[in-house]
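Notes for the one structure printed next.
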Amino acid sequence: MELRVSHLCKAYGGEPVLEDVSFTAGPGVTCVMGPSGEGKTTLLRIILGLEKPDSGSVEGLDGVRLSAVFQEDRLLPGRTAPENLRFVLGAAYDEAAAKSLLRELGLKDTENKPVREFSGGMRRRTALARALIAPFDLLVLDEPFTGLDMDSRRRCVEAIRARTAGKTVLLVTHDESDGGAFAARTVRLKK
């Protein structure tokens, strides 16, 4: 699939957030970079259909399955990590695949503990696991490594690499090393 973002503009209360943003993203990782407040999250929200641009277009999403990690973890706090994954898949839930992914991300032995009792890094990895276990063609990651130590970050990078071969990934970050971990193509946002 190829995502085409053409001349996107968005303002809030007359203040421009995105001004004439254009790029394409195909299979592999495209890293969207820029300092805080430059519209990275707004761009992702438009791509995910959660907001409308003031002008411009996003093309290439017809029939595309999307999965996302938002800046907020958006988990079910009273549920365990496996139950959060089951929520995404419903009847298609594969317990062995879920346990394998959680183990890969350093979250083994989390079956009996609600995520509200997890550390911030554990919650972040659970949010990533939920996004990775869902069927997708386009994976959208908004600052997915926030709050992770180096070992957890490495585990997450490896899991993303293993599960996104041939798929399109948009990685929003302000950290240069995140894009470097994937040899990503970089799109820089600036006002």
Side-chain angles (χ1 to χ4, degrees), residues 1-12 15-75 85 88-89 92 101 105 124-146 148 153 156-191:
M1 70 142 299
E2 182 178 77
L3 174 71
R4 294 175 303 282
V5 174
S6 302
H7 306 288
L8 274 189
C9 295
K10 180 71 177 178
Y12 296 105
E15 277 296 311
V17 176
L18 296 173
E19 292 186 86
D20 198 31
V21 174
S22 296
F23 66 92
T24 60
V29 179
T30 299
C31 185
V32 179
M33 296 199 65
S36 293
E38 293 295 316
K40 298 181 304 293
T41 296
T42 298
L43 171 66
L44 292 188
R45 290 181 57 79
I46 290 170
I47 290 168
L48 291 168
L50 301 172
E51 290 196 38
K52 299 246 186 246
D54 295 334
S55 61
S57 64
V58 177
E59 298 172 330
L61 292 176
D62 290 340
V64 171
R65 298 170 301 170
L66 305 171
S67 190
V69 172
F70 297 91
Q71 280 186 348
E72 316 81 30
D73 295 322
R74 298 186 181 190
L75 298 169
L85 274 57
V88 172
L89 296 175
L101 177 57
L105 292 171
R124 199 72 188 140
R125 286 178 281 150
T126 303
L128 179 60
R130 192 182 55 194
L132 289 173
I133 205 160
F136 64 86
D137 304 302
L138 171 61
L139 179 62
V140 175
L141 303 170
D142 194 353
E143 303 283 357
F145 309 124
T146 300
L148 297 182
R153 183 180 286 244
C156 290
V157 167
E158 289 173 7
I160 292 167
R161 277 193 197 127
R163 287 170 170 75
T164 60
K167 297 181 180 186
T168 302
V169 179
L170 282 181
L171 169 63
V172 162
T173 185
H174 60 271
D175 187 335
E176 295 278 349
S177 67
D178 291 347
F182 296 99
R185 175 179 171 254
T186 301
V187 173
R188 295 194 186 276
L189 295 185
K190 48 191 152 187
K191 289 184 192 169

Just to verify, what does [X] make a salt bridge (Lys or Arg N to Asp or Glu O under 4.0 Å) with, not counting sequence neighbours?
{"X": "Asp178", "answer": "Arg153"}
{"X": "Arg130", "answer": "none"}
{"X": "Arg188", "answer": "Glu176"}

Checklist entry - According to the side-chain hydrogen bond (donor to acceptor under 3.5 Å, both in side chains) rule, which pairs have a member within residues 21-37, sequence neighbours left out? => result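 Passing the test, one end in residues 21-37: no pairs.
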
Item to check | Qualifying side-chain hydrogen bond (donor to acceptor under 3.5 Å, both in side chains) pairs with a residue from residues 48-65, counting only residues at least two apart or across chains | outcome: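 Only Tyr12-Glu51, Arg45-Glu51, Arg65-Asp137 qualify under side-chain hydrogen bond (donor to acceptor under 3.5 Å, both in side chains).
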
Item to check | Min side-chain heavy-atom separation Thr164-Phe136 under 4.5 Å | outcome: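 Of all side-chain heavy-atom pairs linking Phe136 with Thr164, at least one is under 4.5 Å.
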
Item to check | Note, Thr173 side chain near Glu143 side chain (heavy atom, < 4.5 Å) | outcome: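 Thr173 reaches Glu143 side chain to side chain.
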
Interatomic spacing from [atom1] in [X] to [atom2] in [Y] - rounded to 0.5 Å:
{"X": "Ile133", "Y": "Leu85", "atom1": "CD1", "atom2": "CG", "value": "4.5 Å"}
{"X": "Thr126", "Y": "Asp73", "atom1": "OG1", "atom2": "CG", "value": "8.0 Å"}
{"X": "Cys31", "Y": "Leu171", "atom1": "SG", "atom2": "CG", "value": "4.5 Å"}

Kindly write out the residues that satisfy side-chain hydrogen bond (donor to acceptor under 3.5 Å, both in side chains) with [X], not counting sequence neighbours, or none if the list is empty.
{"X": "Arg163", "value": "Glu104"}
{"X": "Arg74", "value": "Glu72"}
{"X": "Glu2", "value": "none"}

Next on the checklist: By the salt bridge (Lys or Arg N to Asp or Glu O under 4.0 Å) test, which pairs, at least two apart or in different chains, include something from residues 20-30?
Outcome noted: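 Qualifying pairs, neighbours excluded: none.
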
